[in-house]
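Here is how names work: the chains are called A, B, and so on, in the same order as the sequence lines, proteins then strands, and each is numbered from 1.
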Protein chains: 2
Amino acid sequence: MKKHTVRKKYTFAVLAVDVVLFTVIDDTLHTLLIKMKKKPFEGSWALPGGLVKPNEAPNDAAKRILKEKAGISNVYVEQLYTFGKVNRDPFGRVVSVAYIGLVPVSSVRPKTTKEYEDIAWVPAGELRSFAYDHAEIISTAVTRLQGKLTYTNIISHLLPDTFTLGELQDVYEIILKKKLDKRNFRKKILSLHIITKTKGRTSGGAHRPAALYRFSSKKPEIVEIL
Amino acid sequence: MKKHTVRKKYTFAVLAVDVVLFTVIDDTLHTLLIKMKKKPFEGSWALPGGLVKPNEAPNDAAKRILKEKAGISNVYVEQLYTFGKVNRDPFGRVVSVAYIGLVPVSSVRPKTTKEYEDIAWVPAGELRSFAYDHAEIISTAVTRLQGKLTYTNIISHLLPDTFTLGELQDVYEIILKKKLDKRNFRKKILSLHIITKTKGRTSGGAHRPAALYRFSSKKPEIVEIL
DNA sequence: CCAAAAGTGTTCAGACTACACCCATGT
DNA sequence: ACATGGGTGTAGTCTGAACACTTTTGG
């Protein structure tokens with residue numbers, strides 16, 4: 001049986017990826033969205049996404065699309081869920097493997113292209129007109145992100161290389177949408193040994209300088225955090 | 001733009017589903033596997049799986065395949081992960097959406113068909129020669145199942161309608177591969193109010209009869225269990 | 001000297017762990 | 001009578017929650 005025999009005989013689906021890229025800006029969780037030009041979704045916002053190439057793994061497609069559409073590389077991405085309802089795309093049968101991506105705020109430089117009207121960081125949870133089933137994908141992604149914050153170390157990918165304990169706590173509070181006690185938070189985080197103190201300190205704020213920390217490892221790990 | 005325009009232009013992938021169907025038999029976690037006849041995997045074991053139809057959601061395809069290949073309906077299924085490495089299938093580019101399925105042991109009646117050499121419940125973790133990347137899919141599924149046991153009520157789908165606390169504890173111990181303290185386990189489970197006592201009792205064993213319980217709800221819920 | 005974030009300990013309550021014996025039934 | 005799983009309570013430890021003041025810097 002030749003490689004393309006099956007391909008020709010059974011082909012039916014277009015496989016796409018969509019990425020929910022998160023970052024934290026101004027004390028708010030944001031996702032990267034694209035404002036569309038094409039009908040029937042002109043003016044609607046969509047996740048950066050695109051078709052998977054014949055010789056490309058979906059994982060690689062997710063990274064490629066972030067690079068192409070937003071000029072962002074070196075991103076942490078993980079698979080979220082595969083959305084395959086029959087009529088989710090008015091153009092035909094498209095099944096989309098959705099990914100979550102995380103970037104620290106500094107490393108971000110979305111670029112607009114002629115293909116789209118606009119590309120922008122939009123506060124997660126903000127009401128918009130979304131293309132396709134992207135509202136559902138985003139809300140699934142937010143829920144997953146909240147869940148994983150509490151039992152893994154993925155938050156590391158939302159922070160710059162070094163950060164203060166206050167900044168770390170802020171990110172938790174923003175995403176989990178609840179206040180945490182400062183002393184308890186510090187005790188807990190430090191007891192886990194997932195971050196280490198560096199020699200650096202902040203300076204420049206009109207307040208006492210803070211110690212800078214770094215994640216001991218950014219490898220995905222299961223750690224009971226909160 | 002017509003519906004099939006995109007389809008024709010960009011088609012490349014065959015979309016399949018594979019199901020890791022779990023049950024507990026004789027104090028061991030088992031998965032349903034099929035022994036293949038076709039080259040290059042003759043004699044290897046594979047997950048029940050098949051192609052998604054053009055007008056079928058992957059979810060529905062998973063249920064259909066269990067029905068067709070094993071004569072099993074009314075199964076709880078949930079999406080596991082999508083496996084899309086370029087060369088995972090020697091016949092061509094096939095992307096597989098993998099599902100976890102759970103059935104209580106009683107409701108099980110796999111049927112062999114002419115298409116396959118054999119279909120059987122095989123102890124999870126047993127060494128076999130697996131077709132495709134199915135070894136990887138199974139091990140991902142086992143890990144996920146273990147994780148979800150500890151923070152959801154999905155174990156309900158592995159038990160018959162009524163069951164004793166001893167049987168419930170057994171299933172936890174089998175899947176999590178660790179002993180639990182009987183008194184602590186009962187205290188914890190009962191305090192969660194996810195099961196209710198029925199009026200029934202067991203009979204027939206050479207021992208004291210046990211109270212029968214039932215899950216208050218089998219809807220997926222997040223509950224911190226262990 | 002004032003504003004702003006950093007840093008630091010103790011007490012209390014609830015949850016989890018370890019642990020051993022009697023009970024009801026069938027053979 | 002004995003073998004088998006069912007059923008029950010308590011004490012000690014650990015973890016999580018609540019809570020307020022001093023420190024260091026820039027402006």
Side-chain angles (χ1 to χ4, degrees), chain A residues 24-28 105 146-147 149-152 155 159-160 162-174 176-214 222-226, chain B residues 24-28 105 149-151 159-160 162-174 176-214 222-226:
Chain A
V24 172
I25 303 171
D26 292 342
D27 291 342
T28 310
V105 69
Q146 289 171 336
L149 272 204
T150 69
Y151 68 93
T152 71
I155 200 174
L159 287 153
T162 62
F163 52 86
T164 68
L165 289 177
E167 288 161 356
L168 180 61
Q169 183 176 347
D170 286 345
V171 177
Y172 275 108
E173 292 182 343
I174 290 160
L176 299 179
K177 292 197 177 102
K178 64 179 176 191
K179 276 269 164 215
L180 302 172
D181 179 86
K182 184 165 55 155
R183 280 173 290 189
N184 295 338
F185 177 79
R186 287 166 180 242
K187 242 181 299 173
K188 188 67 203 291
I189 289 289
L190 292 174
S191 76
L192 296 172
H193 300 295
I194 57 175
I195 58 174
T196 31
K197 201 181 240 179
T198 68
K199 285 174 184 166
R201 322 195 115 249
T202 54
S203 66
H207 53 77
R208 176 171 172 175
L212 288 169
Y213 290 79
R214 190 194 309 276
I222 304 294
V223 192
E224 208 54 56
I225 296 190
L226 299 178
Chain B
V24 173
I25 303 173
D26 291 343
D27 292 344
T28 311
V105 70
L149 273 204
T150 69
Y151 68 93
L159 287 154
T162 61
F163 51 86
T164 67
L165 290 176
E167 288 162 356
L168 180 61
Q169 184 177 345
D170 285 345
V171 177
Y172 276 107
E173 292 184 343
I174 289 160
L176 300 178
K177 293 197 177 105
K178 65 178 175 193
K179 276 269 163 216
L180 302 172
D181 179 86
K182 184 166 52 158
R183 279 173 290 192
N184 296 338
F185 176 79
R186 287 167 180 241
K187 240 181 302 175
K188 188 66 204 289
I189 289 289
L190 293 173
S191 77
L192 295 171
H193 300 294
I194 56 174
I195 59 174
T196 33
K197 201 182 243 179
T198 68
K199 286 175 183 165
R201 318 194 118 254
T202 54
S203 65
H207 53 78
R208 177 172 172 176
L212 288 169
Y213 290 80
R214 190 193 308 277
I222 303 294
V223 191
E224 208 54 57
I225 296 192
L226 298 179

Nearest whole Å is fine: how far is dG5(D) P from L168(B) CG? 17 Å
Classify the side chain of K187(B) versus the base of dT10(D) as yes if they form a donor-acceptor pair under 3.5 Å and no if they do not. yes
When the nearest nucleotide of DNA chain C is assigned to G204(B) and to L226(B) on a heavy-atom basis, which residue is associated with the more 5' position? L226(B)
Nearest to the side chain of T164(B) - dT25(C), dG6(D), dT8(C)? dG6(D)
Which whole-number value in Å describes the distance from K179(B) NZ to dG5(D) C1'? 12 Å
For a 4.5 angstrom cut-off between non-hydrogen side-chain atoms, does V171(A) reach L149(A)? no
Using heavy atoms to find the nearest nucleotide of DNA chain D for K188(A) and R208(B) separately, return the residue whose nucleotide is more 5′. R208(B)
Is there a side-chain contact between Y172(A) and I225(A) in this structure, where contact means two heavy atoms from C-beta onward sitting under 4.5 Å apart? yes
All heavy atoms of I195(A) vs all of L168(A), minimum pair found to be CD1-CD2, 4.4 Å
Without decimals, in angstroms, what is the distance between L165(A) CG and dT23(D) P? 20 Å
From NE2 of H207(B) over to P of dG5(D), roughly how many Å is that when rounded to an integer? 6 Å
Could you give the CZ-to-P distance, from R201(B) to dG26(C), as a whole number of Å? 12 Å
Take atom CD1 of I225(A) and atom C1' of dG16(D), then tell me their distance rounded to the nearest Å. 16 Å
Could you check N184(A) against A206(A) and say which one's nearest nucleotide on DNA chain C is further toward the 5' end? A206(A)
Taking side chain as C-beta onward, heavy atoms only, is T152(A) less than 4.5 Å from V223(A)? no
Could you tell me the separation between the CG atom of D181(A) and the P atom of dT11(C), rounded to a whole number of Å? 16 Å
Counting N and O atoms only, with roles assigned by atom type, does the side chain of T202(A) sit under 3.5 Å from a partner on the main chain of A210(A), one being a donor and the other an acceptor? yes
Counting only side-chain N and O atoms of R183(A), is one of them less than 4.0 Å from OP1 or OP2 of dA18(D)? no
Specify the separation, in whole Å, of atom CZ of F185(A) and atom P of dA6(C). 12 Å
